[in-house]
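These numbers come from a predicted model, not from an experiment. Side chains included, hydrogens not; waters and symmetry mates left out as well; all remaining heavy atoms used.
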Amino acid sequence: MPAVPSSIIEPLWAQFSVLIPPVVDTHPLGCHRPRVADRIVFDKLVQVLVLGASYAKIADGTCSATTIRTRRDEWISAGLFTQLEQIALEAYDRIVGLDLGDLSVDGCIVKAPCGGEAAGKSPVDRGKQGTKRSVLVDGGGVPLACVSAPANRHDSVFLRPTLEKLGRFEHRFGVGLPDQITVHLDAGYDSKATRALLEELDCQSVISIKGEPLQAGARWVVERTNSWHNRGFKKLHLCTEVRTRVIDAFIALAGAIITTRRLIRTAWTTHRWNTRPPRRP
């Protein structure tokens with residue numbers, strides 16, 4: 001069984017293949033081994049992301065672990081995973097529409113047994129190494145941006161860089177976005193500094209009050225998105241990558257898969273196309 005259904009992986013690959021820059025062969029004799037097809041490496045990376053297995057476990061006769069890592073780094077340097085996620089978001093916005101008027105931000109801590117640039121002592125795991133993801137979602141739970149950091153950093157520290165990632169929809173924050181934006185946060189963000197930041201960014205806020213019973217409100221969608229990340233992508237649930245750029249690339253690829261899945265699920269009842277799955281995803 002494939003790691004991701006063909007109804008999702010095929011449109012993603014169709015977009016991703018267009019982004020791959022042409023390969024310039026610089027070998028002086030031109031007698032090296034044939035280059036492994038990009039589609040094979042892309043499928044292997046999706047398997048690594050979804051199954052959480054090591055590159056050596058995923059490698060086989062068609063593609064070695066070294067080739068997977070090398071091609072992955074080439075694509076990261078070219079910014080392909082970020083572009084793919086952006087294309088998926090733009091497609092969702094055109095067909096369904098992103099709810100940018102109500103945003104939710106929350107942090108999620110996962111294990112990072114290998115340590116690395118985005119690892120620190122986890123306050124919820126007896127001081128073991130952990131990584132934190134600060135996730136921004138729209139009103140429907142579609143992931144818009146994510147910032148990875150050590151687990152021992154407070155959520156509120158990453159609120160500004162997480163919100164400022166909205167600037168990739170336009171060149172700067174506030175351009176092309178709704179005039180009125182409401183940010184929903186949990187009690188961990190209940191501070192004067194947070195409210196001052198949101199006022200600076202001209203955003204309204206709905207923040208849970210410390211010491212009071214659980215106030216879910218409209219913020220529950222970000223908790224669901226964190227669950228999609230952890231339960232659907234084992235590489236994000238148990239982060240074994242050391243470099244932040246690789247972690248961010250896998251998060252972007254996971255975001256593209258989630259957004260495409262939500263797009264197909266929503267458009268299944270409103271649109272028709274040749275490769276439309278027989279059952280609603």
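A distance of 10.0 Å separates OG1 in Thr67 from CD1 in Ile40, rounded to the nearest 0.5 Å. With values rounded to the nearest 0.5 angstrom, Leu201 atom CG is found 9.0 Å from Ile181 atom CD1. Of the inter-residue distances, the one linking Leu45 atom CG with Lys235 atom NZ reads 10.0 Å to the nearest 0.5 angstrom. In this structure, CG on Leu100 lies 6.5 Å from CG on Asp93, to the nearest 0.5 angstrom. His229 contributes atom NE2, which lies 13.5 Å from atom NE2 of His237 (distance to the nearest 0.5 angstrom). Rounded to the nearest 0.5 Å, atoms OG (Ser7) and CG (Leu12) are 10.0 Å apart.
Grouping the Ile, Leu, Val, Met, Phe, Trp and Tyr side chains by contacts below 4.5 angstrom, directly or via other members, places Val206 apart from Val105. Ile257 and Val221 are not part of a single hydrophobic cluster, where members link through side-chain heavy atoms under 4.5 Å apart. Hydrophobic clustering (ILVMFWY, side-chain heavy atoms < 4.5 Å, transitive): Leu51 and Ile251 are in one cluster. Note on Leu19: it does not cluster hydrophobically with Leu89, by side-chain heavy-atom contacts below 4.5 Å among ILVMFWY residues. The cluster map of Ile, Leu, Val, Met, Phe, Trp and Tyr, joined by side-chain heavy atoms under 4.5 Å apart, puts Val242 and Leu236 in different clusters.
Counting heavy atoms of neighbouring residues, nucleotides and ligands inside a 6.0 Å radius, atom CZ of Arg231 does not exceed 12 of them. Summarising the local packing, CG of Asp60 is surrounded by more than 12 heavy atoms from other residues, nucleotides or ligands at distances under 6.0 Å.
In terms of modelled atom types and a separation under 3.5 Å, the side chain of Asp190 and the main chain of Lys210 share a donor-acceptor contact. Ser227 places no side-chain N or O within donor-acceptor distance of the main-chain N or O of Glu223, the cut-off being under 3.5 Å. Side-chain atoms of Thr259 do not come within 3.5 Å of backbone N or O of Ala256 as any donor-acceptor pair.
Annotation: side chain of Arg265 is in contact with side chain of Arg280 (closest heavy-atom distance under 4.5 Å). Looking at Ile247 and Arg133, their side chains never come closer than 4.5 Å, going by heavy atoms from C-beta outward. Proximity of Arg35 to Arg71: side-chain heavy atoms (C-beta onward) are separated by under 4.5 Å at one or more points. Contact check for Val183 versus Ile207: no side-chain heavy atoms found under the 4.5 Å cut-off. In this structure, Ile258 and Arg261 have side chains that are in contact, with non-hydrogen atoms separated by less than 4.5 Å. Between Val48 and Lys57 there is no side-chain heavy-atom pair separated by less than 4.5 Å. Looking only at side-chain heavy atoms (C-beta outward), Cys63 and Ile58 stay at 4.5 Å or farther from each other. At least one side-chain heavy atom of Val96 sits under 4.5 Å from a side-chain heavy atom of Leu263.
When all heavy atoms are compared, the tightest approach of Ser104 to Ala218 is OG-O, 3.7 Å. The shortest heavy-atom contact between Val50 and Val4 is CG2-CG2, 3.9 Å. Taking each heavy atom of Ala65 and Ala59 in turn, the nearest pair found is N-CB, 3.4 Å. Taking each heavy atom of Thr260 and Pro11 in turn, the nearest pair found is CG2-CG, 4.4 Å. Residues Ala112 and Thr131 come closest through the heavy atom pair CB-OG1, 3.4 Å. Nearest heavy-atom pair, Gln83 versus Ala78, reported as atom, atom and distance to 0.1 Å: NE2-O, 3.2 Å.
Listed by first then second residue, pairs satisfying ring pair (Phe, Tyr, Trp, His ring centres under 6.0 Å) with a partner in residues 179-198 number zero, not counting sequence neighbours. Within the structure, no pair that satisfies the ring pair (Phe, Tyr, Trp, His ring centres under 6.0 Å) test touches residues 255-281, not counting sequence neighbours. The list of ring pair (Phe, Tyr, Trp, His ring centres under 6.0 Å) pairs with a residue in residues 36-94, not counting sequence neighbours, reads Trp13-Phe42, Phe16-Phe42, Phe16-Trp75, Phe16-Phe81.
A donor and an acceptor atom, one from each side chain of Ser208 and Asp186, are nowhere located under 3.5 Å apart.
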Show every donor-acceptor pair shorter than 3.5 Å between a side-chain atom in residues 134-147 and any protein atom, with sequence neighbours excluded, or say none if there are none.
from, atom 1, to, atom 2, distance (Å)
Ser134, OG, Thr162, OG1, 2.8
Asp138, OD1, Gly140, N, 3.0
Asp138, OD1, Gly141, N, 3.0
Asp138, OD1, Val142, N, 2.8
Asp138, OD2, Asp99, N, 3.1

Give every donor-acceptor pair under 3.5 Å between a side-chain atom in residues 149-159 and any protein atom, sequence neighbours left out.
from, atom 1, to, atom 2, distance (Å)
His154, ND1, Ser156, N, 3.1
His154, ND1, Ser156, OG, 2.8
Asp155, OD1, Lys132, NZ, 2.7

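For the pair Arg69 and Asp73, the salt-bridge criterion is not met [side-chain N within less than 4.0 Å of a carboxylate O]. A salt bridge does not link Arg245 with Glu117: every distance from a Lys NZ or Arg NE/NH1/NH2 to an Asp or Glu carboxylate oxygen is 4.0 Å or more.
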Test side-chain contact (heavy atoms from CB on, under 4.5 Å) applied to Leu80 and Ile20, step by step: CA-CA 7 Å; Leu80 301 191; Ile20 299 176; 4.0 Å; yes
Verify salt bridge (Lys or Arg N to Asp or Glu O under 4.0 Å) between Arg276 and Glu10, making sure each step is shown before the conclusion. CA-CA 11 Å; Arg276 178 176 179 265; Glu10 291 300 333; over 6 Å; no
side-chain contact (heavy atoms from CB on, under 4.5 Å) between Asp106 and Thr225, worked out: CA-CA 10 Å; Asp106 195 18; Thr225 303; over 6 Å; no
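Not counting sequence neighbours, the partners of Arg126 by the side-chain contact (heavy atoms from CB on, under 4.5 Å) test are Lys128.
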